[in-house]
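So you know, we letter chains A, B, ... as the sequences are listed, proteins then strands, and number each from 1. Below, each value reflects all heavy atoms present in this structure, side chains not excepted, and no hydrogens, waters or symmetry copies. These numbers come from a predicted model, not from an experiment.
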Amino acid sequence: MSDSTAVPAGKGPLIYRQSIFTRVTHWIWAICLFFLLLTGLQIFNAHPALYIGQQSGFEFDNAVLEIGAFNTPAGPVGRTTIFGQTFETTGVLGVSGSAERPSFVAFPAAVTIPSFRDLGTGRVIHFFFAWLFVGTMFVWFLASFINGHIRRDILVRPADLAGVPRDVVDHATLKFKHGRSYGPLQRIAYFSVFFILFPLIVLTGLTMSPGMNAAWPFLLDLFGGRQTARTVHFGVMVLLVSFFVIHIVMVLAAGPLNELRSMITGWYRASPGTPTIQGDKP
Amino acid sequence: MSAKSGSIITRRNFLRGSVLAGSSLVLAGCNQFDFLGSKENQVRHVMEQANVLTYNVQRALIGDQTLARTYAESEIRQGQRPNGSTDPTTAEYTFLKAQDFASYKLKVIGMVEQPLEFSLAELRNMPAQSQITRHDCVEGWSCIAKWTGTPLGPILDMARVKPGARFAVYHCFDNIQRTLSGDILYYESSDLVDAYHPQTLLSYGLNDQVLPVANGAPVRLRIERALGYKQPKYLHTIELVDDLSSFGKGKGGYWPDLGYDWYGGI
């Protein structure tokens, strides 16, 4: 009874790794990003093209992405043009649904909220979750500065950069270290999301608001125009979706139950050999 | 060191995780959030409060007189893209159009001390203002054009807006939607901040030409810090009111009645 933190052989200690702020903001963000993505695709469907600059070129060409449906002798086809390269995307982008009842939308109904065309509703839901997302961001930054989460886990130090090659090898061979704080690749990934992608997606969103353009005209200069900001907003979305996919794959690879437990209860089973400190459980 | 079960993808872990990941994809693939499209839904009403928050925050942040960005002549690289109604078919409008709007009158009515009426010639003889601004459609596209007209603020001053007035309602000629029970005419409204904003124009000129029918002839309102649907075309009457509930479906505009944000600055 004298040593309550003794760890059974072959198992690491159970450590309290995620604070209540980390856990709650994590799940609120998960919900926000789900709705923001699917309503964002609904909003994009209202004008499925992206441009560079201040305005959309209708009589000149400054588009970098266009998704559309076109009539051909063989019937309607979906076409996606990205940086001048055109692809047939019938069935997914431009034309989706069944052959009997084709749907002529950029992104298919399966990935939009609402499933039918409704820009007004898409915007209502998008802006609601945008406010929730930003509010959650403020809570996370404040709490994580105070409780040391940012310093301990997120900030990328020179030693982390030096540790990247080894961490890449470990990930490639599916050897995961379950430590008290995050590894080099985790830090780089989370640092990029919190300090680059999250601020970018909020600021580019604000740059699309004509009201905010009047309030903070520097936003237009920062991103090189409203239409460029819209394009960057979309690009950051693609990066966040990529992060989500990798995040899920890593959770699956690293032990989904342990990872999920840590994001629900805060308690995380560390690797064997992790030094115990006071407060750990066996 | 031997591989530990928790550190590699075992079949059991993979299946467990796949079910979790898959369930979220199934959620996306269905139409379970379509109920939010109903204007009567309570959850939607809660979410719509985010637009009220946006309005209040932007009003506090921007300042009543702060201008929308203006652009250089060289930025006008194309015609102003028309959208929505482009050729109204109401009898009143087609009659006016046939005689080149000679008998057109713009009226200012409602909560004013002095109701007013202007012909197109009178409007054109008032102090004119031109501005090259960016038109942002709610759909996502933008177009830069030069708008010429007379500022609305001084006209409201001439009409002497009564202290209780809170909104300007903009009545239009165009039948934006034709239904079995008749035409629905376009209307919009703004608060008095937008109505009095120094760039808010009764615009009769576009890119140094007479405003074309497709862009709202003879007079279109410009509220430059808001989206395109807040720039009503084919304008004939400005009505000062303290309440929007008696117009259309009560949300303050044709598109707001269909579920769009009333403020439109975002």
Identify which part of [X] has an atom lying under 4.5 Å from any heavy atom of chain A, answering side chain, backbone, both or neither.
{"X": "B:Gln49", "value": "neither"}
{"X": "B:Ser38", "value": "neither"}
{"X": "B:Glu48", "value": "both"}
{"X": "B:Val138", "value": "both"}
{"X": "B:Leu67", "value": "backbone"}
{"X": "B:Arg77", "value": "both"}
{"X": "B:Tyr71", "value": "side chain"}

With respect to chain B, which residue among [options] yields the maximal number of heavy-atom pairs within a distance under 4.5 Å?
{"options": "A:Phe129, A:Phe35, A:Phe116, A:Phe60", "value": "A:Phe60"}
{"options": "A:Pro108, A:Gly57, A:Gly120, A:Gly225", "value": "A:Gly120"}
{"options": "A:Gly53, A:Gly211, A:Ala130, A:Ala49", "value": "A:Gly211"}
{"options": "A:Arg226, A:Glu59, A:Met212", "value": "A:Arg226"}

Heavy-atom pairs under 4.5 Å with chain A: which of [options] has the most?
{"options": "B:Ile144, B:Val46, B:Val43", "answer": "B:Ile144"}
{"options": "B:Arg59, B:Arg44, B:Arg81, B:Lys39", "answer": "B:Arg81"}
{"options": "B:Leu227, B:Leu61, B:Leu53", "answer": "B:Leu53"}

How close do [X] and [Y] get, heavy atom to heavy atom, and via which atoms?
{"X": "B:Gly265", "Y": "A:Ser209", "answer": "O-OG, 2.8 Å"}
{"X": "B:Arg134", "Y": "A:Leu220", "answer": "NH1-CD2, 3.5 Å"}
{"X": "A:Thr121", "Y": "B:Leu36", "answer": "CG2-O, 3.4 Å"}
{"X": "B:Asp136", "Y": "A:Pro210", "answer": "OD2-CB, 3.9 Å"}
{"X": "B:Ala50", "Y": "A:Trp131", "answer": "O-NE1, 3.4 Å"}
{"X": "B:Ile62", "Y": "A:Ala214", "answer": "CG2-CB, 4.1 Å"}

Quick one: are [X] and [Y] in side-chain contact, heavy atoms under 4.5 Å?
{"X": "B:Ser142", "Y": "A:Arg230", "answer": "no"}
{"X": "A:Val124", "Y": "B:Asp261", "answer": "no"}
{"X": "A:Phe127", "Y": "B:Met47", "answer": "no"}

- chain A neighbours within residues 209-217 of chain B, where any heavy atom lies under 4.5 Å away: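 Those residues of residues 209-217 of chain B which would need a heavy atom under 4.5 Å from chain A do not exist here.
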
Measure the spacing between [atom1] of [X] and [atom2] of [Y] and express it to the nearest 0.5 Å.
{"X": "B:Gln78", "Y": "A:Ser56", "atom1": "CD", "atom2": "OG", "value": "7.5 Å"}
{"X": "B:Tyr260", "Y": "A:Leu119", "atom1": "OH", "atom2": "CG", "value": "4.0 Å"}
{"X": "A:Ile113", "Y": "B:Asp34", "atom1": "CD1", "atom2": "CG", "value": "8.5 Å"}

- Query: B:Trp141 and A:Tyr51: aromatic ring centres closer than 6.0 Å?
  - Reply: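 Ring-ring flag for B:Trp141/A:Tyr51: false, centres at least 6.0 Å apart.
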
- Task: May I ask you to check whether over 12 heavy atoms, not counting those of A:Trp216, lie within 6.0 Å of atom CH2?
- Result: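 Atom CH2 in A:Trp216 is not packed in, count stays at 12 or less.
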
- Message: Could you check whether atom CZ of A:Phe138 has more than 12 heavy atoms from other residues, nucleotides or ligands sitting under 6.0 Å from it?
- Response: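 Count not over threshold, so no.
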
- Message: Does any backbone or side-chain atom of A:Gln54 lie under 4.5 Å from a heavy atom of chain B? Answer side chain, backbone, both or neither.
- Response: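 Its backbone and side chain both get close to chain B.
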
- Quick one: what part of A:Asn258 sits under 4.5 Å from any heavy atom of chain B, side chain, backbone, both or neither?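 No part of it gets close to chain B.
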
- Message: Run A:Asn213 and B:Arg225 through side chain to side chain donor-acceptor pair (under 3.5 Å) and show every step you take.
- Response: CA-CA 8 Å; A:Asn213 286 170; B:Arg225 301 185 302 182; over 6 Å; no

- Message: Quick check on the structure: residues of residues 41-48 of chain A within a heavy-atom distance below 4.5 Å of chain B, by number.
- Response: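 Within residues 41-48 of chain A, the residues that come under 4.5 Å of chain B (heavy atoms only) are A:Ile43, A:Ala46, A:His47.
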
- Does a side chain donor of either B:Asn51 or A:Arg123 reach within less than 3.5 Å of an acceptor in the other side chain?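 Side chains of B:Asn51 and A:Arg123: no pair found under 3.5 Å.
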
- Query: Going by distance alone, is a donor N or O of one side chain under 3.5 Å from an acceptor N or O of the other, for B:Gln32 and A:Ser115?
  - Reply: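 Result is no, nothing qualifies.
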
- Task: Could you tell me whether a side-chain N or O of A:Gln227 sits under 3.5 Å from a main-chain N or O of B:Gly140, the two making a donor and an acceptor?
- Result: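 A pair under 3.5 Å: yes.
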
